[in-house]
Structure formats: C-alpha cells, structure tokens
Amino acid sequence: TPLLRALATHTSPHGTITPPNQSFTEYVAAKVQQHDPNKPMLVDALSGQTLTFGQFAPRVARAAERLKTAASKPFGAGSTLLIHSPNCVDFPVAFHAALALGGVVSTSNPLYTPRELAHQISDCGASHILTVGVFHDTVKEAVELSGSDATIGVLGTDSSICQDGADGGAGTFSLADGDRTAIGGGVVSTSEPFDASSCLAALPYSSGTTGLPKGVMLTHGNLVANLEQTYELVKRARPDLLGDNDVLLGLLPMFHIYGMVTILHYSMIHGSTLVTLPNFEPETFLKAIAQHRVNVAHLVPPLILFLAKHPAVKPEMISSLECIMSGAAPLDAHTQQEAATRIGCEVVQGYGMTETSPVLTIDCVKGGKPGAAGQLVPSTEACLKVADPASPSGFRDAAPGEEGELWCKGPQVMPGYLNRPDATAETLVDGFVRTGDIATVDNEGNFFIVDRVKELIKVKGLQVAPAELEGLLLTHPAVADAGVVGEPDQRTPGDERPHAFVVLKPETQLSAVDVTNFVAGRVAAYKHIQNVTFVPEIPKSASGKILRRVLRDRLKEG
Ligand code: AYL
C-alpha cells in the first residue's frame, strides 16, 4: 500500500513533458546539429580555444574511435570513464565519446588529493581515466593507491582523444542494441529495445543525506528529462530569458551536476555560446564577462555576493549581465534583492540536488520572487513530510503553511546509489527522493527552502561530507572522537565552513592548528577544517548517531 496519499502532493503548475526515449548523446547531438555549425559552442576564456556547434559531432565520433581502440584496454559497453579535469572545451567531447560507446562517465574534482581520488576510482570501478597534464601525477598516484588497473589518458595533447585528426569522423552515434550499461553495471542483453530510463549514463558523487560520497546513478532518461524540464519551464514561463545570441558563463565546475547539466548541456541544447573558465580568479572572471559580453551567468551565492559587493567590481565590467541564475546553496530574500539592485540585473533561483539530475524547482516569476527556490519543473511532484511516530509510515503530511521535509518525484530522480542498496532504500521511498531539506510552500506553488536537516555541509556550493572528515580525524593517533558540522560564514550568508569538535585521548596534546594541518594535508582546500573546539565528549543518540543539531546549537551560543 502506498505510504503517501495523492491528495497531499503538489504537482508542477507548468504541466508535463514527454521526453524522447533517446540516449543522452543522441538527444544532445540532435539539438546541437540544429544550430549554426560555425557558431562557437564553447570558448575557453584563458586559452581562446573554441569548439563550434559543427565540430562537436565529428570530434565525439573521433574521440569514441580512439577510446574504443585505447592502447592497453579498449573502452566499451560496461566500461566507466572517470573525467578528472577542470572545465575545458574537450570536456563534453570526452563525455559523449564514452556514452556513445555504451559506457558510463564519472566525474571528480580535479583539486582532489590522491587519497580522495583513489576512493572514487575504486568505488566507481573506472576502467579509464582522462585528465589534463598538470594532474597526471596525482591521477597516477591515486591509481596506485587504489590498486586499480585503470588506463590513464591525457586531454588536450597531440595524442589526446579529443583533437581533430586528418581522418576526421562520421559524426553519428546510433548505439547498437545491447551496447550499453544497465543500472548496476551489467550490460543489457542484445534483444532488449533501448530504454533510456534503465540505462546508466553518469555517476557524479554525492553524500546524500548521510555518510560518505556515493556514486549517484543517473540514467540517459534522467539527464534528457531534466534538460527538457528546465528548458521547457523557461520556454513556457519566461521565454524572454531565452535569447538567440545568449552568452553563458561556464565557471562552475563541469564535474558537479550544476556545471555538467544545468550549465554545459543547457547551453549546448539552447545554442548559446558557453565561455569556460578552469577556475575562479577575480581578474579573469571579470575579464571573461566583459570581453565576451556574457549576459546569462549561472553562479552560486558567494560569487553573486562577490559581484554585488567587491570593490574591484566596477559597473562597466558587468554591464552585459541581464540574468544571474543562483543555485546549489541558499540565497536569502534580502541578499537576493540587494544583489539584483547592485548588479543591476535579475537574479533567479533554482533548487535541486545531484540525485535529481539536478533541478527540482526554478523561480520563474519575472524579477525573481525574493528568497523563493521556485515552482516545480514540469512532470515533478512534491510533498512536505513531518516525522510522526503515531503514523504507520513514521511520517505525516505537513499542514498548509507548515514546514516539512521536501520529498520529490519525477523522471529526473535517480534510480539509486551505485552498489549501495541500503543508502538507496533510505533515500528513495515510494519513488520519492527525500531531499533532507526543510521547505514551505505558498498557495502559488512557490517553494522556500528554510533549513537543511541532512549532515551535508555546503562550501561555495560544493559538498563536504562530515562523515569523511570525521573518519579522517579518527585516524589521528591523539583523537578519540570527532564530530564535524557546518558553521555559517558570517561574511557570505548561506555559505558554511567545516567546524570540528574533537575529543582527545587521555594524556595527549594537540592544538587547533595541529588538527587543521592534519586535515589540510589530506583533502582538497574547500574541505579544510576552519575552526576546532575541543570537547570532553561528542553528543550522541542512544543508537550512537552524532547529534549534529546539538553541535550546531553550541556554535550559535558562541
Ligand atoms: P548538490 N536553496 C537552498 N539550498 C539549496 C539550493 C537552493 N536554491 N540548491 C541546492 N541547495 C542545497 O547535490 C540543498 O541542501 O546539488 C540540496 O539538497 O551538490 C543540496 O544543496 C544539493 O547539493 C539549479 C538547481 C544548481 C540545482 C543545482 C545544483 C544542486 C546542487 C542549479 O538551478
């Protein structure tokens, strides 16, 4: 019997979509083909390297050919390619080459240390890894650490799989029946017709509501659906936000779901030019906007605050901006309005998670409804749930106006975490994904995210899993126990910094700096512990779970 009554669910006020049953690559390639072949699709703001709409298909076909015949190990159905690279014009080429061969793409943060990368290499079972020259040594070390036999390739060199060669390429991607990877890793039998919703395409990593980063299984169907959902919503509700000559900003990382789907692929299917940057550096960021006349910029709240408040930002540098899209972290009403006024452009919020490919809501009210995450994208349902021990399911529906945990359902929801049936069962209930976010909804269907109840810490829109830092701290010989929570960053509302509560073993001594240095040497910079509090014990529930709420309250008390 279904746990949730249909009455309590909210449906999208923007109708439904009927996504085609196509592979992600076929879908994207068909859209790309509709645009001017000579128009730049991606432009690297630093190197000036470009990829036109017309160059995309032949390059993918050629890259696929190279991957298929990769020297030590051929890539094919059932193989996983890990792309470990900053944003570059070759990123989508490598991505679709792997998909066109029936493989799966996982993506990792290029700033990972070898030990962080090793975890993902073994967890996702990568057979091939593509990186750029500067990160080759890190990848090599990570492969050794993980004990994997993955083949390493380098993007952007003469021997790269993404360069044009003399022999060109055909530019078609029809997948032969059976040439693809099913959910769970096995290969679909040759006789089965293609089913986009059961065929695995991407494996980005997310810690979800609890624990360590996990591979989020996103199918071809999930990715196609979410692009259709976001694009159709904007087309139906805000057609003025879709210009013929839009120039978008590709600053946010393509390894993260926001950069991968909502920026890179949205730009590609719409036919905009995407100006890419490999990292955030104030000067090159402002120069890229001014030089390329960027008019739509997808950003995260700390970057919006930078544009609104930093003295180095002069109005003429950003005069081309017409619309800023904010997502991946909260943006409160006051900050949103202030930023819109100061920057002199509209600020529109989106909300979602890696597990939902990622978009669930977009604020499509003209001018932006301050503080709102927005309305559900087409074909998406939601309900707000409150824990209720008296109910058989353990939950009841929130009363009108009451806060509750947001649960969502739609074709963009993942089928589960890779090789983690336990975590999958905790996160997916009756086809609804539990977001771990607390929301309210008004009578126009505008959702407001008011709190986060999952463990997850957000640093500049990126995920930091407390469990990972706690596990690391426990490997220190002087640490008896540890609990890590996000501490609100006073200067950038909505942003957090990891704060560690540490219990020392008897007769040991350790300073806060010893703790921060220990962590700093082992994980990427954005995960570094910023503050340490030594405590006699970590508050825990009867079942041994860290009471993070208690720790967060302690930070508020100061
Ligand atoms: P992940 N307001 C508040 N919290 C948010 C918001 C928002 N607008 N967007 C994301 N979050 C938090 O997997 C929330 O806690 O995906 C959510 O569960 O790295 C978590 O971030 C998910 O983190 C969009 C829509 C970008 C989505 C996204 C990327 C979501 C980041 C642009 O338009």
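Every number for a ligand or one of its atoms is a count from 1 in the order of the listing. Only this structure's heavy atoms are used, side chains among them; waters, hydrogens and symmetry mates stay out.
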Where is the nearest protein heavy atom to [atom]: which residue, which atom, and how far?
atom                    : result
atom 7 (C) of ligand 1  : Ala329 O, 3.5 Å
atom 15 (O) of ligand 1 : Asp437 OD1, 2.6 Å
atom 6 (C) of ligand 1  : Tyr351 CD1, 3.5 Å
atom 27 (C) of ligand 1 : Gly352 N, 3.4 Å
atom 13 (O) of ligand 1 : Thr354 OG1, 2.6 Å
atom 8 (N) of ligand 1  : Gly350 O, 2.8 Å

Notebook entry, point to check: Under 6.0 Å from the NZ atom of Lys540, do we count more than 12 heavy atoms belonging to anything else shown?
Noted result: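 Enclosed: over 12 neighbouring heavy atoms sit under 6.0 Å from NZ of Lys540.
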Note to self: Heavy atom to atom 10 (C) of ligand 1, shortest distance: which of Ala373, Ala328, Pro330 holds it?
What the structure shows: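 Going through Ala373, Ala328, Pro330 one by one, Ala328 has the nearest heavy atom to atom 10 (C) of ligand 1.
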Check: Any idea which of Lys458, Gln463, His298, Arg452 brings a heavy atom closest to atom 31 (C) of ligand 1?
Finding: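 Minimum heavy-atom distance to atom 31 (C) of ligand 1 goes to Lys458.
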Note to self: Could you tell me if Glu487 and Gln530 have a donor-acceptor pair between their side chains, going purely by distance under 3.5 Å?
What the structure shows: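 Looking only at side-chain atoms, Glu487 and Gln530 do not form any donor-acceptor pair under 3.5 Å.
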Checklist line | Thr262-ligand 1 polar pair, N/O distance under 3.5 Å | finding: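 Checking ligand 1 against Thr262, no N or O pair falls under 3.5 Å apart.
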Checklist line | Close N or O approach (Tyr258, ligand 1; < 3.5 Å) | finding: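 No, since none of the N or O atoms of Tyr258 sits under 3.5 Å from an N or O of ligand 1.
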Check: Quick one: which ligand 1 atoms are inside 4.0 Å of a heavy atom on His256?
Finding: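 It comes down to these atoms of ligand 1: 1 (P), 16 (O), 19 (O), 31 (C).
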Notebook entry, point to check: Considering only heavy atoms of Lys454, which atoms of ligand 1 have at least one such atom less than 4.0 Å away?
Noted result: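 Near Lys454, the atoms of ligand 1 are 15 (O), 17 (C), 18 (O).
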Check: Checking salt bridge (Lys or Arg N to Asp or Glu O under 4.0 Å) against Glu405, which of Arg434, Lys385, Arg396 comes through?
Finding: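 Exactly one option meets the salt bridge (Lys or Arg N to Asp or Glu O under 4.0 Å) with Glu405, and it is Arg434.
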Checklist line | Full working for salt bridge (charged side-chain N to carboxylate O under 4.0 Å, His left out) between Lys366 and Asp240 | finding: CA-CA 10 Å; Lys366 197 166 172 99; Asp240 59 305; 3.1 Å; yes
Notebook entry, point to check: Can you tell me how far CG of Asn222 sits from CE of Met217, rounded to the nearest 0.5 angstrom?
Noted result: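 CG of Asn222 is found 10.0 Å from CE of Met217.
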